[in-house]
Amino acid sequence: MGLTRQDIVHAGLRLLNDVGLNGLTLRLIAQELGVKAPALYWHMKNKQELLDEMATRMYADAMPGRVPEGMGEQESLELAARALRRMMLAYRDGAKVFAGTFLTDDSLLGDNPLQSRVDAGLEPHLAGRALFTVYSYVIGFTIEEQAVYPVPGERDPRYGATPSPWVFDEDVEGRFGDGLTMVLNGVFAWLDDKVAS
C-alpha cells in the first residue's frame, strides 16, 4: 500500500511530542516513514499544508460531538473551550500548531452554541465575534501555558522556581478557569447588550 496524506499527518503528530514544532520538518517525517523527502511533496506542498492537516486531525480526534440536550449557551461554550484546550495540551506545542491553521474539513465545525440567539435575531457576524473572542482566549492562554510548561508538570527554569503573579503559578487549571469565566461573562454581557440595543 502506498503512502497517504494520513500516514504523513500521523507521523507528524507522533514526532511533534519528541521534537516540538521548531524541530518538525518534512525531511524528519520522511525519515520516520522510511521514504525520501520528495515522496512527501506528492501529498503535501509545504509545512503549512502539513500543519493544517495536523490541526484538523487533532480537532477531529478530540472535540466533543453535539451539545448535550438542555445545556445552556454559556455552559456549552465553556465545554467547547475546555475541550479545545485539552486537545492542544495533548501535544507538545499543540497550541502553536493549532493557532492560525486552516481546518480542512468543514464538517468538524459542528453546532453553533449561539444558534438560538441567531435564530432570535442576533446578527450572525456578532455571534461570530463572540465565539472568536472565546477561541482567542483559549489559544492565547494555552500558547503561554505551553511556554511555561513545555512538558506537563515540568516548569521551564527560565520562569523561575517562585512564580510571580504575572506568570503561571502552580494552579494552572484555576487560572484558566477564572480567565474563562471572565471572558464568558463579558461575552454574554456584550451579547445581551447587543440584543437590547
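Just the heavy atoms: all of them, side chains too, but no hydrogens, waters or symmetry mates, feed the values below.
Using a 4.5 Å heavy-atom cutoff, the side chains of Phe141 and Arg175 are in contact. Residues Thr4 and Val9 have side chains not in contact (no heavy-atom distance under 4.5 Å, counting atoms from C-beta outward). Counting heavy atoms from C-beta outward, Arg92 and Val151 have side chains that stay 4.5 Å or more apart. Gln74 is listed as a side-chain neighbour of Asn185, based on a closest heavy-atom distance under 4.5 Å. In this structure, the side chains of Asp193 and Phe188 stay at 4.5 Å or more apart for every pair of heavy atoms. The closest side-chain heavy-atom distance from Tyr41 to Leu26 is below 4.5 Å. Two residues are said to be in side-chain contact when any heavy atoms from C-beta on lie closer than 4.5 Å; Glu154 and Tyr149 fail this criterion.
Note that CG of Leu33 is 9.5 Å distant from CG of Leu28, once rounded to the nearest 0.5 Å. From Lys96, atom NZ reaches atom CG of Asn22 across 6.0 Å, with rounding to the nearest 0.5 Å. To the nearest 0.5 Å, atoms OH (Tyr59) and CG (Leu84) are separated by 7.0 Å. To the nearest 0.5 angstrom, Tyr91 atom OH is 7.5 Å from Asn17 atom CG. Remark: Met58 CE to Leu108 CG distance equals 12.5 Å, nearest 0.5 Å. Atom OG in Ser76 sits 7.5 Å away from atom CG in Leu114 (nearest 0.5 Å).
Considering every non-hydrogen atom in both Gly177 and Arg82, the closest pair reads CA-NH2, 3.6 Å. Closest approach of Ala147 to Pro150, counting heavy atoms only: O-CD, 3.7 Å. Ile29 approaches Ala11 most closely through the heavy-atom pair CG2-CB, 3.9 Å. Contact between Leu3 and Ala39 at its shortest, heavy atoms only, is CD2-O, 4.3 Å. Pairing each heavy atom of Ala99 with each of Ile143, the nearest pair is CB-CD1, 4.0 Å.
More than 12 heavy atoms of other shown residues, nucleotides or ligands fall within 6.0 angstrom of atom CG in Asp61. Within 6.0 Å of CD in Gln6 there are more than 12 heavy atoms belonging to other residues, nucleotides or ligands.
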Quick one: do Arg5 and Glu49 satisfy side chain to side chain contact (heavy atoms under 4.5 Å, CB included)? Show the steps, please.
CA-CA 11 Å; Arg5 285 173 73 88; Glu49 188 173 331; 2.8 Å; yes
Test log, rule side chain to side chain contact (heavy atoms under 4.5 Å, CB included), inputs Arg27 and Leu40:
CA-CA 9 Å; Arg27 182 178 304 276; Leu40 300 187; over 6 Å; no
Val148 vs Asp156, test: side chain to side chain contact (heavy atoms under 4.5 Å, CB included). Steps then yes/no.
CA-CA 5 Å; Val148 177; Asp156 184 322; 5.7 Å; no
Walk me through whether Glu78 and Leu184 qualify under side chain to side chain contact (heavy atoms under 4.5 Å, CB included).
CA-CA 8 Å; Glu78 180 179 351; Leu184 289 172; 3.7 Å; yes
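With hydrogens and angles disregarded, a donor-acceptor distance shorter than 3.5 Å links the side chain of Thr56 to the backbone of Thr104. Listed for the His43 side chain is no donor-acceptor partner under 3.5 Å among the backbone atoms of Ile8. Within the 3.5 Å criterion, the main-chain N or O of Leu21 finds a donor-acceptor partner in the side chain of Asp93. Here the side chain of Lys194 pairs no donor or acceptor atom with the backbone of Ala189 at under 3.5 angstrom.
By the side chain to side chain donor-acceptor pair (under 3.5 Å) test, Asp52 pairs with Gln48, sequence neighbours left out. Take Arg14 and apply the salt bridge (Lys or Arg N to Asp or Glu O under 4.0 Å) test, not counting sequence neighbours, and it matches Glu32. Partners of Asp178 according to the side chain to side chain donor-acceptor pair (under 3.5 Å) rule, which considers only residues two or more places apart in sequence or in another chain, do not exist here. Annotation: side chain to side chain donor-acceptor pair (under 3.5 Å) contacts of Thr101 (sequence neighbours excluded): none. With sequence neighbours excluded, the residues satisfying salt bridge (Lys or Arg N to Asp or Glu O under 4.0 Å) with Glu173 are Arg85.
Taken together through direct or relayed side-chain contacts under 4.5 Å among Ile, Leu, Val, Met, Phe, Trp and Tyr, Phe102 and Met44 form parts of separate hydrophobic clusters. Hydrophobic clustering keeps Met182 apart from Val187 (ILVMFWY residues linked when any side-chain heavy atoms are closer than 4.5 Å, directly or through intermediates).
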Which atom pairs, one a donor and one an acceptor, fall under 3.5 Å between side chains of residues 117-140 and the rest of the protein, sequence neighbours left out?
{"residue": "Arg117", "atom": "NE", "partner": "Glu73", "partner atom": "OE1", "Å": "2.7"}
{"residue": "Arg117", "atom": "NE", "partner": "Glu73", "partner atom": "OE2", "Å": "3.2"}
{"residue": "Arg117", "atom": "NH1", "partner": "Asp192", "partner atom": "OD1", "Å": "3.0"}
{"residue": "Arg117", "atom": "NH2", "partner": "Glu73", "partner atom": "OE1", "Å": "3.2"}
{"residue": "Arg117", "atom": "NH2", "partner": "Asp192", "partner atom": "OD1", "Å": "3.2"}
{"residue": "Asp119", "atom": "OD1", "partner": "Gln115", "partner atom": "NE2", "Å": "2.8"}
{"residue": "Glu123", "atom": "OE1", "partner": "His125", "partner atom": "ND1", "Å": "3.3"}
{"residue": "Thr133", "atom": "OG1", "partner": "Arg129", "partner atom": "O", "Å": "2.8"}
{"residue": "Ser136", "atom": "OG", "partner": "Phe132", "partner atom": "O", "Å": "2.8"}
{"residue": "Tyr137", "atom": "OH", "partner": "Phe176", "partner atom": "O", "Å": "2.9"}
{"residue": "Tyr137", "atom": "OH", "partner": "Leu180", "partner atom": "N", "Å": "3.4"}

